[in-house]
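A short worksheet on the structure shown next.
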Amino acid sequence: MASVLSRPTRPLPTSRPASAAPGLRWRSAAWLLSSLPLIALAYWAYRQGYSQRGLAFIEHRAALTAAGGIQLGGLKFAYPPLPVLLAVVLPGGQLGLAVFTCLCSGATLTYVGGRLSRRLPATTTAVLLLPLVAVPAMWYAASQLLTTVIGLTFLAVALDGFIRFAAYGETDGGFTAGIALGLSYCADPGALMYGTVMVLFAPLISHIRYHDDSLATASIGAVLFFPIMAVAASWAFLVWRFSGTFPGSLHYSPAAHVLDFPGGIWPALGRAARTGLTDLAHAPLYLLAGWALFRRRPVAALGLAFPVVALVAALWLGFAYSAVTAYFMFTLLALTMITHSRRAGRSARLRWLLAAAAAAQLALAIWWAPTSPGFIAWWHAMTG
């Protein structure tokens, strides 16, 4: 196993055409076509008087941050920093933030869809995207949940890098995973859980690839965890330096209850485990995609396990993850894993299985819809 994983298994990249302008134009057009329906939904919700609690919270934090002026005392309110910074500079208040969310979602969909289309036929790609684009809860997430869209997009990039590193021995994949986790933290502190779980898996990777080399284990952990810790520590220092307080409030979102542990620590852990497994049951495509990618590379199966473990840990600690955000996460990560499955490009049987799993997940999402208080309020505003 170690000898297989230590060799590059992918073909060398082919040379690119002299001009990439046509491809760029097509990608730009696909991005706009993906974003416009979401922008229409965001505008209609705004016209109906809907106010998303998370966007209102970010807008309020941005006002408090800007009130600090040049003394930078308002930094203690500027978490999550990336969404709050956007709220400071973007015009239009909540509508402007919602439109930016739609543009980010359209870019993510275009990127994932483009990578799938390079691996799979167009019809299979379209079916696989249905659980992401044909579920009303995802319309809500993609048009209203700014921190979720930013955080999970970078988390998907981190998983992509982790898979390339663990399954194919591509060193740059490890660096990509670490940097993406650091950027994810700028929108979602729950990224600390995903980074921690990745590092906990580092000794297992080292055991298979490097024969228990302690220096290799330390290097893997540093590559994965240093960027996110550097971002978190730097932000904490800046807040302390300019405001003299602990870096912001642990209640970074109206839905967060960090370290509250209602009912006690261990009962809270049991509830988090049940909730996390229930959320996973909404995503059969995630399980099949993981099996398709990892059946010949067991070490890379760690990439399948760590989001589940990290989600349970985040729920236990009180970070803001609803069934809607968990469904979004598992579906986006499933599509990311499929882009790495070369067997899917060669096996018609596997493509049929993946398409069937996507159709089953879509039917399940309609019959047993992932929900949250925010989604219910949004749906009533849209249909009322």
Side-chain angles (χ1 to χ4, degrees), residues 8-17 19-38 105-136 138-139 142 152-153 156-157 159-164 167-168 170 173 282-297 300-301 303-304 307 327-366:
T9 58
R10 292 185 170 181
L12 293 174
T14 57
S15 59
R16 294 185 177 183
S19 175
L24 179 61
R25 286 195 294 268
W26 277 110
R27 287 192 295 271
S28 300
W31 172 44
L32 290 176
L33 288 174
S34 301
S35 303
L36 286 176
L38 296 173
S105 300
T108 301
L109 180 62
T110 301
Y111 175 74
V112 173
R115 294 196 61 183
L116 285 172
S117 65
R118 290 197 293 268
R119 181 77 68 185
L120 304 169
T123 53
T124 306
T125 297
V127 173
L128 291 177
L129 290 174
L130 286 177
L132 195 61
V133 302
V135 176
M138 294 301 94
W139 306 342
L152 291 185
T153 297
V157 174
L159 180 63
D160 177 271
F162 184 86
I163 292 171
R164 290 193 289 114
Y168 301 105
E170 298 180 9
H282 276 93
L285 182 61
Y286 180 82
L287 297 173
L288 182 61
W291 171 83
L293 176 62
F294 301 136
R295 61 190 298 263
R296 294 186 180 179
R297 292 182 174 86
L304 175 64
Y327 178 93
F328 190 8
M329 178 186 74
F330 283 128
T331 305
L332 184 60
L333 296 185
L335 298 176
T336 300
M337 288 189 291
I338 293 171
T339 64
H340 285 279
S341 177
R342 288 179 293 175
R343 183 167 171 263
R346 299 191 298 261
S347 171
R349 178 174 174 271
L350 180 55
R351 290 197 296 270
W352 276 104
L353 286 174
L354 290 170
Q361 180 167 319
L362 176 61
L364 185 64
I366 294 172

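Quick note: residue numbers are just sequence positions, from 1.
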Side chain to side chain contact (heavy atoms under 4.5 Å, CB included) for Leu120 and Ile338? Distances and angles first, verdict last. CA-CA 9 Å; Leu120 304 169; Ile338 293 171; 3.9 Å; yes

Contacts of Thr124 that satisfy side-chain hydrogen bond (donor to acceptor under 3.5 Å, both in side chains) - sequence neighbours left out: none

Do you know which two heavy atoms are closest between Ala289 and Ala334, and how far apart they sit? CB-O, 3.7 Å

Tell me, do Trp291 and Leu350 make a side-chain contact under 4.5 Å, heavy atoms counted? yes

Which residue pairs satisfy the side-chain hydrogen bond (donor to acceptor under 3.5 Å, both in side chains) criterion with at least one member in residues 354-363, sequence neighbours excluded? Tyr327-Gln361, Thr331-Gln361

Distance col, row Leu288:CG vs Met337:CE, nearest 0.5 angstrom, shows 9.5 Å

Residue list, side-chain hydrogen bond (donor to acceptor under 3.5 Å, both in side chains) with Thr153, at least two apart or on another chain: Thr108

State the CE-CG distance between Met329 and Leu159, to the nearest 0.5 angstrom. 10.0 Å

Quick one: closest heavy-atom pair of Ser117 and Gly114, and the distance? OG-O, 2.7 Å

For Gly106 versus Leu38, what's the shortest heavy-atom pair and its separation? N-CD1, 4.5 Å

Leu285 and Leu335, any side-chain heavy atoms less than 4.5 Å apart: yes

Does the side chain of Arg119 come within less than 4.5 Å of Thr339's, by heavy atoms? no

Nearest atoms (heavy-atom pairs only) where Ser34 meets Pro37: O-CD, 3.7 Å

Testing the basics here: between Thr125 and Gly113, what is the closest heavy-atom pair and its distance to 0.1 Å? CG2-O, 3.9 Å

Could you state the interatomic distance from CG (Asp160) to CG (Leu333), rounded to the nearest 0.5 Å? 10.5 Å

Considering non-hydrogen atoms only, spot the tightest contact between Val127 and Pro131 and give its length. O-CD, 3.6 Å

Val135 versus Leu362: any side-chain heavy-atom pair under 4.5 Å? yes

Separation between CG (Leu116) and CG (Leu129), nearest 0.5 Å, reads 6.0 Å

The reported gap from OG1 in Thr336 to OH in Tyr286 (rounded to nearest 0.5 angstrom) is 10.0 Å

